[in-house]
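Before any comments, here is the structure.
Counting starts at 1 for both ligands and their atoms, following the listed order.
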Amino acid sequence: MPNLPPRIRFAPSPNGRLHLGHAYSALYAANVADELGGDFLLRIEDIDVGRCRPEFLDGIYEDLKWLGLSWEKPVRRQSEHFSDYEAALKRLRELDVVYPCFATRREIERAIAESGIDVERWPRDPDGALLYPGIYKDMDAQERNRLMWEGRSFAWRLDMERAMALATNRTGGPITFTEEEGSPSGKTGIQQIAPELFGDVVIARKDVPTSYHLSVVVDDALQNITHVTRGRDLFPATFIHRLLQVLLDLPEPVYRHHRLIEDDTGRRLSKSARDKGLKDLRNAGNTPADVRKMIGI
Ligand code: GLU
């Protein structure tokens, strides 16, 4: 995206206190904004209304201020913009690349068990989830309407094959993105997407009318994000995001997937109680400079 002023965001979810991994990600994003002379934004990814709590939201502001960061206001909170994601979903429905999926977890497990393939050998996506076995995919329209009228809850899944066919047709060649930091295998530069690794991924959940994938691409476009910076664990998710950007006619940012912060045993940090949050480190007398030293940024 030439000519646009650089805009970089840090996008935490308020479902726990921030830890050293978040500190690294936030400081990394702010450094990129500094390096490029651009804006640094904070976005609150709280579509998971059941798991997000106000005290964690306050904690995010408190911890980031303590680290010395400041960001553009007002802060965008995803829970206040469900209609934006619904509009994008509607567009995908019009393109006929999504379908309603009524499957429960148990039905999915049963379908896999009945396939004759051992569950241990059933393919999994890059996040480790079992690939969707396709039940409810090729349903007769009447039967689908009947289930909807009955009030059965459903998610919207991307028909990966149709979506890829349509998107590839639009771009007239392989769909790619530019990785400036390095793929998990260390490669920088143009990367070709392989979203089929995720199968028919959920685009709008049963409990909320969107998903991480849908809301993140909508927001990155709405907020004119030019450089998406985030942990390397989300590198494969970028395959889905690029596909959605092509389908929804959204601009393409460049990507920097940074290293992940691990504990002494090499385990990735998480929001579990075992991992010290920034608040605990602060209360134990550490300074922001100490935190930076701990994570090497
Ligand atoms: N909300 C996501 C997370 O906390 C960040 C996603 C992103 O930066 O794209 O992992």
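What you find for V228 and P253 is that their closest heavy atoms are CG2-CG, 3.8 Å.
Using a 4.0 Å cut-off to heavy atoms of Y212, the atoms of ligand 1 that qualify are 6 (C), 7 (C), 9 (O). Less than 4.0 angstrom separates some heavy atom of V216 from each of these atoms of ligand 1: 9 (O). Residue S13 has at least one heavy-atom neighbour below 4.0 Å for each of these atoms of ligand 1: 1 (N), 4 (O). For ligand 1, the atoms closer than 4.0 angstrom to any heavy atom of L234 are 6 (C).
Side-chain contact of Q191 with Y255: a donor-acceptor pair under 3.5 Å is absent, judged by distance alone.
Using a 4.0 Å cut-off between heavy atoms, V228 makes no contact with ligand 1 at all.
Considering E45, R9, H257 only, the shortest heavy-atom separation from atom 8 (O) of ligand 1 involves R9. When the heavy atoms of A11, A29, P14 are ranked by distance to atom 2 (C) of ligand 1, first place goes to A11.
Within the structure, ligand 1 lacks F10 among the residues with a heavy atom less than 4.0 angstrom away. Contact between H22 and ligand 1 is absent, with no heavy atom of the residue lying under 4.0 Å from the ligand.
R146 and E150 are joined by a salt bridge, as a carboxylate oxygen and a charged side-chain nitrogen come within less than 4.0 angstrom of each other. Between E107 and R110 there is no salt bridge, since no side-chain N of the basic residue sits under 4.0 Å from a carboxylate O of the acidic one. In summary, K137 and E161 do not engage in a salt bridge, as defined by a charged side-chain N under 4.0 Å from a carboxylate O. With respect to K90 and E86, no salt bridge is recorded, no charged nitrogen being found less than 4.0 Å from a carboxylate O.
Using cut-offs of 30° and 60° for the angle between ring planes, the F235 and H257 rings count as perpendicular.
Considering E181, E179, E180 in turn, E180 is the only one that fulfils the salt bridge (Lys or Arg N to Asp or Glu O under 4.0 Å) rule with R256.
Inclusion of P12 in the set of residues having an N or O under 3.5 Å from an N or O of ligand 1 is not warranted. Distances between N or O atoms of R230 and those of ligand 1 include at least one value under 3.5 Å.
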